[in-house]
Amino acid sequence: MITEAYCTELDQSDELATLRDLFALPPNTIYLDGNSLGAQPHAALEQAQHIIRHEWGNDLIQSWNKAGWFQRPLQLGNELAPLIGAKPNEVAVTDSTSVNIFKAAAAALHLQRSQATTAQRRVIVTERSNFPTDIYILQGLTHFLNDGYELRLVDHPDQLNAAIDHDVALVLLTHVNYRTGYMVDMAALTTYTHQQGALILWDLCHSAGAVPVDLHAANADFAVGCTYKYLNGGPGAPAFIWVPEKHQPHFTQPLTGWWAHQSPFEMQTHFQGAGDIRAALCGTQPIISLSLVSAGLDVFKRTTMAKIRAKSLALTDLFIQLIEEQCSGHPLQLETPRHHAHRGSQVSIAHPHGYAIVQALIERGVVGDYREPHIMRFGFTPLYTSFSDVWRAVAILKDILDHQRYDTTLEKNAVT
């Protein structure tokens, strides 16, 4: 049986433990929702105050040049690039994940259609369990293209190879599933997709900053992701888009705003694409929220993704084992893979009264979240989650379950 003392010993030998001090975590709170919104780095507050008081308040419009506002999407992209296996000048931090999916998917379909040998490909493949916005954006894109495109939804990762055939133009996959935490084999699926003559777009929202990602080693085509989960960029912080060098000369997308122009301040009436990663931009950036992304990225410079991954697996292994030891008499169903190669940095557990239990946990200071159907999600961010946090969280969960300290009549909040 695992003891609390054992978990304390793990914390004492954890070389990432000091990174917790870089975050503004509320007292008496065990935060297990970094897979939905990362905690606030202490540096973010100071940085926001500097931007508002000095860059905006004092230098005003001069800050586009003086403070480097205009270059910030690409500067941040270069800081983020090592975390996803990208090269310099291949990543832009900009817009939302949904918008970036639209841009990247449209660019991929345009690239496919420009090649005579693939002109008849009209199928886009994704998973039915993908995050809904990915599916909705593809549905909207195919509707407006109105050119015979078909969206093919796959029910299980094991069915992907069968679904990706010579009719497929594009495959959009999420590296780590938002609901279950299942992580697919990026390299293998990218290789298979290319063998069938299709392009692949990866959604990294639940893997960037949580698991090692190497887009170049996988030979991927495009990628998008958010910065407000494991990257701790702040609520609604701008997302990112990756366009590798091999596709930049031919990258074109329909949201051709002025920031994507080759010479934006020449104010030409005809659009001429930048021809590099700037072509993935659109319009004027939200400088304050954009700038705060760097506070989260700076923390990653103090460690490595290999160390983060090792602690992530140790935390999730511990949580699963404690759940099975302490809560075995309750109708809990593990939805997250046990196999490390297929596990992200979260643990999802189904219970018939999952929503009510999550709310009871939150009232007791253990913050997770809920996803339909019946799934309690717990995210483990190695930068600030301790092994003792895991022990205390399971102890509180056990007490709630053993004594049914949850209200099944609760109405769901707008955000679950």
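For the numbers below, each heavy atom of this structure counts, side chains included, while hydrogens, waters and symmetry mates do not.
A distance-only check finds a donor-acceptor pair linking the side chain of Ser348 to the backbone of Arg179 [under 3.5 Å]. For Arg20 (side chain) and Leu383 (main-chain N/O), no donor-acceptor pair under 3.5 Å exists by modelled atom type. Although no hydrogens or angles enter the test, the distance criterion places no donor-acceptor pair under 3.5 Å between the side chain of Asn89 and the main chain of Asn78. Between the side chain of Thr29 and the main chain of Leu25, no donor-acceptor pair closer than 3.5 Å is present. In terms of modelled atom types and a separation under 3.5 Å, the side chain of Asp95 and the main chain of Asn100 share no donor-acceptor contact.
By the 6.0 Å contact criterion, CD on Gln262 is enclosed, its count of non-hydrogen atoms from other residues, nucleotides or ligands being greater than 12. Heavy-atom neighbours of Phe144 CZ from other residues, nucleotides or ligands within 6.0 Å: at or below the threshold of 12.
Listed here is the closest heavy atom pair of Val168 and Gln112: O-NE2, 4.4 Å. Shown here for Ser36 and Asp369, the closest heavy-atom pair between the two residues is CB-OD2, 3.5 Å. Residue Phe387 comes nearest to Ala314 through the heavy atom pair CE2-CB, 3.8 Å, listed as atom of the first residue, atom of the second, then distance.
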Run the side chain to side chain contact (heavy atoms under 4.5 Å, CB included) test on Ile320 and Val347 for me, step by step, so that the C-alpha distance in whole Å, both residues' side-chain angles and the decisive distance to 0.1 Å come before the verdict. CA-CA 8 Å; Ile320 292 170; Val347 177; 4.0 Å; yes

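Of the charged side-chain nitrogens involved, at least one lies within less than 4.0 Å of a carboxylate oxygen, so that Glu324 and Arg338 count as a salt-bridged pair.
Exactly one residue among Thr381, Val366, Leu315, Val367 makes a side chain to side chain contact (heavy atoms under 4.5 Å, CB included) with Leu32. That residue is Val366.
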